[in-house]
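Before any comments, here is the structure.
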Amino acid sequence: MPDALGFIGLGNMGLPMARRLLQAGHAVTVYDIRAEATAALAAEGAKTAASPAEVAEASDVVFLSLPTPDLVRDVALGRDGVAQGGRVKIVIDLSTTGPRTAAAVAAELAKKDIVGFDAPVSGGVAGAIKGSLAVMAAGPRETFARVKAALEVFGRVFYIGERAGMGQSMKLINNLLSATALAATSEAAVLGAKAGLDPDVMVEVINAGSGRNSASLDKFPRNILPRTFDAGFTVGLINKDLKLCFEEAEALNVPLWIGTAVRQMWIYALGHGGGDKDFTTVIKHFEDWAGVTVAGKAAINHPPADDR
Ligand code: NAD
């Protein structure tokens, strides 16, 4: 019999990912503290539960997609947590929570004969909708063999290693680069605009040349040039990821010289605008300092209602 699946945390990423599991024909029981999120999926065939423990009572494999490491610990191990459910055998954390949380949660779950497996993802909300995420799986090989097909519903799956937390290490490295690309490309594009370059042309040239990166290829054309600022990833979450990355670097005595400058920019964005802003709004700080706007022609001709 195929594994019954559970899914907890139906936010920007979790909702489209749980939806893909449903569309692939899996039985999925869902839970989120926001009733509107569970209702949306119930209308599409998901069963709903009233707590993480109830999800785990109905599911062999439970996925988590939650904002912070503390919430993952709480939802997995706390009162009414997943570990209290009688049926669950595997808990897969899709969130970005760092290797230490992954290892600690896996060790606690093991006491109840539950395998803690990490599978953080990259590729944003667009990737979650399309099923084109990079999935960084880590945990026992036999667990991987059992859950691989379900993970493939989310995108391209990479088996990173057997130790709990190795997928998380991989994800932190990826996001250090993603945060760097967005901050550095914003700074460079603002300089270009100040020098009189056309923003559309500038991004096209960068993408045909050696400067191209995840921000120039993706966030600039989709979220920044059109001034929609709707990548679906917040300033708060990228700060959380960088904090986790720096904790790892410190624990391993590895200096992050470039990363330090990048991180200061993101801390500035947190203090000036707040954690709920889409992370593509980081360019607005560079724009304010230089007194220019990096708007594409389409946005200049048809400005979106709220560009600030
Ligand atoms: P989000 O804030 O949009 O969604 C989190 C969801 O968790 C919300 O629906 C919230 O109601 C729910 N939640 C909070 N506390 C809960 C609890 N106690 N029990 C049940 N549900 C609870 O966050 P997101 O952008 O979907 O990100 C989720 C995770 O995925 C984060 O760790 C993030 O770093 C990671 N991630 C996000 C992106 C992205 O582009 N948004 C990309 C890759 C990875």
Side-chain angles (χ1 to χ4, degrees), residues 6-20 29-41 46 48-56 62-85 91-99 101-102 105 118-136 154-156 167-168 170-179 182 214-215 218-219 222-223 229-245 266 274-280:
F7 207 110
I8 301 174
L10 306 168
N12 285 331
M13 295 297 283
L15 186 84
M17 292 170 90
R19 178 175 284 140
R20 287 191 66 82
T29 303
V30 298
Y31 172 71
D32 192 291
I33 48 171
R34 292 180 306 115
E36 67 271 25
T38 45
L41 283 183
T48 61
S51 69
E54 234 180 67
V55 172
V62 174
F63 293 94
L64 308 178
S65 179
L66 296 162
T68 65
D70 286 350
L71 274 171
V72 165
R73 275 176 198 263
D74 203 43
V75 166
L77 307 171
R79 211 161 61 90
D80 277 339
V82 174
Q84 306 302 318
V91 176
I92 303 182
D93 187 12
L94 304 162
S95 338
T96 308
T97 45
T101 295
V105 169
D118 45 314
V121 298
S122 177
V125 175
I129 293 169
K130 276 191 285 179
S132 61
L133 296 170
V135 182
M136 301 161 234
F154 304 139
R156 188 161 168 211
Q168 291 290 343
M170 185 66 245
K171 169 67 179 168
L172 295 184
I173 302 310
N174 179 79
N175 276 28
L176 174 61
L177 286 176
S178 169
L182 183 50
S214 62
D218 180 29
K219 282 128 202 155
R222 236 157 16 93
N223 320 112
F229 303 106
D230 54 354
F233 189 60
T234 63
V235 169
L237 287 179
I238 195 72
N239 269 282
K240 177 259 300 176
D241 292 353
L242 288 169
K243 184 165 182 280
L244 290 168
C245 188
W266 286 106
D276 289 340
K277 291 264 191 224
D278 194 273
F279 82 149
T280 53

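These numbers come from a predicted model, not from an experiment. What you see below is based on every heavy atom in this structure, not just the backbone, and it leaves out hydrogens, waters and symmetry mates. When a ligand or atom number is given, it counts from 1 through the structure's own listing order.
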Taking [X] for its side chain and [Y] for its backbone only, find out whether a donor-acceptor pair lies under 3.5 Å.
{"X": "W266", "Y": "I238", "result": "no"}
{"X": "K240", "Y": "T96", "result": "yes"}
{"X": "Q168", "Y": "S95", "result": "yes"}

Subject >> More than 12 heavy atoms from other groups under 6.0 Å of CZ on R156 >> reply: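 Not more than 12 within 6.0 Å, no.
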Which protein heavy atom lies closest to [atom], and at what distance to 0.1 Å?
{"atom": "atom 25 (O) of ligand 1", "answer": "L237 CD1, 3.4 Å"}
{"atom": "atom 35 (C) of ligand 1", "answer": "T96 OG1, 3.8 Å"}
{"atom": "atom 39 (C) of ligand 1", "answer": "F233 CD1, 3.2 Å"}
{"atom": "atom 43 (C) of ligand 1", "answer": "V121 O, 3.2 Å"}
{"atom": "atom 14 (C) of ligand 1", "answer": "I33 CD1, 3.7 Å"}
{"atom": "atom 4 (O) of ligand 1", "answer": "G11 CA, 3.2 Å"}

Distance under 4.0 Å to a non-hydrogen atom of [X]: what atoms of ligand 1 satisfy this?
{"X": "K240", "answer": "31 (C), 32 (O), 33 (C), 34 (O)"}
{"X": "Y31", "answer": "19 (N), 20 (C)"}
{"X": "G9", "answer": "7 (O)"}

For [X] and ligand 1, does the shortest N/O to N/O distance drop below 3.5 Å?
{"X": "L66", "result": "yes"}
{"X": "M13", "result": "yes"}
{"X": "L94", "result": "no"}
{"X": "N12", "result": "yes"}
{"X": "K171", "result": "no"}

Original post:
Which of the listed options, G81, G232, P67, holds the heavy atom that is closest to atom 5 (C) of ligand 1?
Top reply: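 Among G81, G232, P67, the closest heavy atom to atom 5 (C) of ligand 1 belongs to P67.
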Original post:
Can you tell which of V125, D276, D32, L71 gets a heavy atom nearest to atom 10 (C) of ligand 1?
Top reply: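 Nearest heavy atom to atom 10 (C) of ligand 1 lies in D32.
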Answer with side chain, backbone, both or neither: which part of [X] has a heavy atom less than 4.0 angstrom from an atom of ligand 1?
{"X": "L10", "result": "backbone"}
{"X": "I8", "result": "side chain"}
{"X": "M17", "result": "neither"}
{"X": "V75", "result": "side chain"}

Between [X] and [Y], what is the shortest heavy-atom contact and its length?
{"X": "L244", "Y": "P69", "result": "CD2-CG, 4.1 Å"}
{"X": "V55", "Y": "Y31", "result": "CG2-CB, 3.5 Å"}
{"X": "R222", "Y": "D230", "result": "O-OD1, 4.0 Å"}
{"X": "A231", "Y": "V125", "result": "O-CG2, 3.8 Å"}
{"X": "A102", "Y": "D118", "result": "CB-CG, 4.2 Å"}

Subject >> Pairing residues for D70 by the side chain to side chain contact (heavy atoms under 4.5 Å, CB included) criterion, not counting sequence neighbours >> reply: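 Here the qualifying residues are T68.
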Subject >> Residue-ligand contact G124/ligand 1, heavy atom below 4.0 Å >> reply: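 Yes, G124 has a heavy atom closer than 4.0 Å to ligand 1.
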**OP:** Determine whether any heavy atom of S65 lies closer than 4.0 Å to an atom of ligand 1.
**Re:**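 A heavy atom of S65 does come that close to ligand 1.
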Subject >> Separation of D32 CG from T48 OG1 (nearest 0.5 Å) >> reply: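 Answer for the OG1-CG pair, T48 versus D32, is 12.0 Å.
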**OP:** Look up atom CG in L237 and atom CG in N175, then write down how far apart they are to the nearest 0.5 Å.
**Re:**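 If we round to the nearest 0.5 Å, L237:CG and N175:CG are 10.0 Å apart.
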**OP:** Check ring pair (Phe, Tyr, Trp, His ring centres under 6.0 Å) between F63 and all other residues, then give those that pass, not counting sequence neighbours.
**Re:**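 Ring pair (Phe, Tyr, Trp, His ring centres under 6.0 Å) list for F63, sorted by chain: F7, F154.
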